[in-house]
Number of protein chains: 2
Amino acid sequence: MESADIKKAGLKVTLPRVKILEILEQNHEAHLTAEDIYRCLLEAREDIGLATVYRVLTQFEGVGLVRKHNFEGGQSVYELDTGQHHDHILCLDCGKIIEFVDEEIERRQQAIAEQNGFELEEHSLTLYARCNRCPNRDGEGR
Amino acid sequence: MESADIKKAGLKVTLPRVKILEILEQNHEAHLTAEDIYRCLLEAREDIGLATVYRVLTQFEGVGLVRKHNFEGGQSVYELDTGQHHDHILCLDCGKIIEFVDEEIERRQQAIAEQNGFELEEHSLTLYARCNRCPNRDGEGR
DNA sequence: ATGTATGCAAATTGTTTGCATCGTC
DNA sequence: GACGATGCAAACAATTTGCATACAT
């Protein structure tokens with residue numbers, strides 16, 4: 001149950017927090033922008049301001065409930081932090097996002113960081129591609 | 001010579017374009033923000049507006065002279081596009097950036113995209129790490 | 001009851017655009 | 001001389017912040 005997670009994180013259980021967490025859980029496979037979430041709330045007739053959405057997301061990120069990604073293009077997107085790390089494939093045509101993990105890549109990254117005298121903390125890997133579901137709009141693409 | 005590159009790209013050879021390209025070449029190892037470049041220009045007593053810097057960078061990106069990256073944190077950074085692709089290691093402490101290429105990772109990415117039914121166009125991989133040059137400010141870091 | 005969280009509007013920040021003028025070809 | 005390029009200021013978009021009020025504990 002989500003309110004438990006909020007409390008466990010040391011945050012007061014408030015309606016906006018619960019609602020936002022719910023939306024993130026319901027759209028678990030999606031990667032939502034702050035505006036997306038705000039729009040969901042409006043549709044659900046919840047009277048929650050956009051500023052609050054940003055504030056809550058930032059707090060959630062701080063306590064590790066949520067991950068934030070900066071893909072290409074202005075907005076940041078947020079997803080629930082399920083604990084298991086993963087990278088992303090993003091379809092340039094339809095925007096669909098797929099998650100994946102590749103042990104070999106993980107290992108290589110670790111090795112590369114070490115070879116260069118770094119201690120690896122994090123990484124971000126995104127593949128920009130075209131899924132063959134898409135009606136490949138313009139023949140060959142970009 | 002840089003003005004040749006500009007002409008070759010089909011752009012008029014203007015002072016702002018030449019100057020900006022020069023700055024990018026001089027700081028070849030750095031990854032500069034639009035503001036960084038603007039500041040360089042000011043120091044060099046060149047009367048070039050920030051808007052022009054953005055316009056020129058965007059055009060340069062369009063013709064493949066420059067690559068744009070969205071690392072963590074607001075600003076985009078730009079670097080000369082030397083043709084050879086590479087990824088980045090970014091030091092969380094001092095901001096230093098190292099470039100690398102790993103054939104194994106490149107191969108795996110290609111394979112992963114295919115396995116998931118995608119045609120890979122591009123990718124962005126950044127390792128966030130701590131270089132052991134840095135006086136590891138706060139013991140264990142974040 | 002207390003102090004934190006929220007809503008709203010205003011402020012910031014990074015980037016883009018409109019328009020009159022300037023410079024390159 | 002023509003037409004694209006520039007400078008400046010205003011416009012925008014995403015996100016953050018100040019402040020009076022509302023709410024969880």
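A note on names: the letters A, B, ... follow the listed sequences, proteins ahead of strands, and every chain is numbered from 1.
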I need the CG-P distance between B/L32 and C/dG14, as an integer number of Å. 15 Å
Going by atom types only, do B/N132 and A/E119 share a side-chain donor-acceptor pair under 3.5 Å? no
Verify salt bridge (charged side-chain N to carboxylate O under 4.0 Å, His left out) between A/E104 and B/R108, making sure each step is shown before the conclusion. CA-CA 8 Å; A/E104 184 60 29; B/R108 292 296 305 142; over 6 Å; no
Rounded to the Å, how far apart are A/N70 CG and C/dT13 C1'? 15 Å
Looking across every strand, which nucleic acid part, if any, lies under 4.0 Å from B/I48 by heavy atom: base, sugar-phosphate, or nothing? sugar-phosphate
To the nearest Å, give me how far apart NZ (B/K19) and P (C/dG23) are. 16 Å
Between A/E61 and A/R67, does any side-chain N to carboxylate O distance fall below 4.0 Å? no
From CZ of B/F60 across to P of C/dT15 the rounded distance in Å is 17 Å
Could you tell me how far apart B/Y38 (OH) and C/dG14 (C1') are, to the nearest whole angstrom? 14 Å
Counting only side-chain heavy atoms from C-beta out, which of D/dG7, D/dT25, D/dT15 sits nearest to A/V13? D/dT25
From CD of A/E35 over to P of D/dT15, roughly how many Å is that when rounded to an integer? 8 Å
In whole angstrom, what separates B/D36's CG from C/dT15's P? 11 Å
Closest to the B/Y54 side chain: C/dT15, D/dG7, D/dA14? C/dT15
The answer to which of B/K7 and B/Y78 contacts DNA chain C further toward the 5' end, by nearest nucleotide, is B/Y78
Quick note, A/R17 side chain, CB onward, closest among C/dA5, C/dC25, C/dC8 is C/dA5
Could you please name the option among C/dG3, C/dT15, D/dA5 that lies closest to any side-chain atom of B/S76? C/dT15
Length of the CG-P vector between B/L50 and C/dT13, whole Å: 14 Å
Taking C/dG3, D/dA5, C/dT6 as options, the one with an atom nearest any side-chain atom of A/P16 is C/dT6
Does the ring center of A/H69 lie less than 6.0 Å from the ring center of A/Y78? no
Taking N and O atoms by type only, does the side chain of A/R55 place a donor or acceptor under 3.5 Å from a partner on the base of D/dG18? yes
Which nucleotide in the list C/dC8, D/dC8, C/dT6 gets nearest to the side chain of A/V56? C/dT6
Set out, in order, the CA-CA distance, both residues' side-chain angles and the distance that settles side-chain contact (heavy atoms from CB on, under 4.5 Å) for B/V18 and B/I6, then state yes or no. CA-CA 8 Å; B/V18 173; B/I6 296 176; 4.0 Å; yes
Here's a test of your reading of the structure: between B/A51 and A/T14, which maps to the more 5' nucleotide of DNA chain C? A/T14
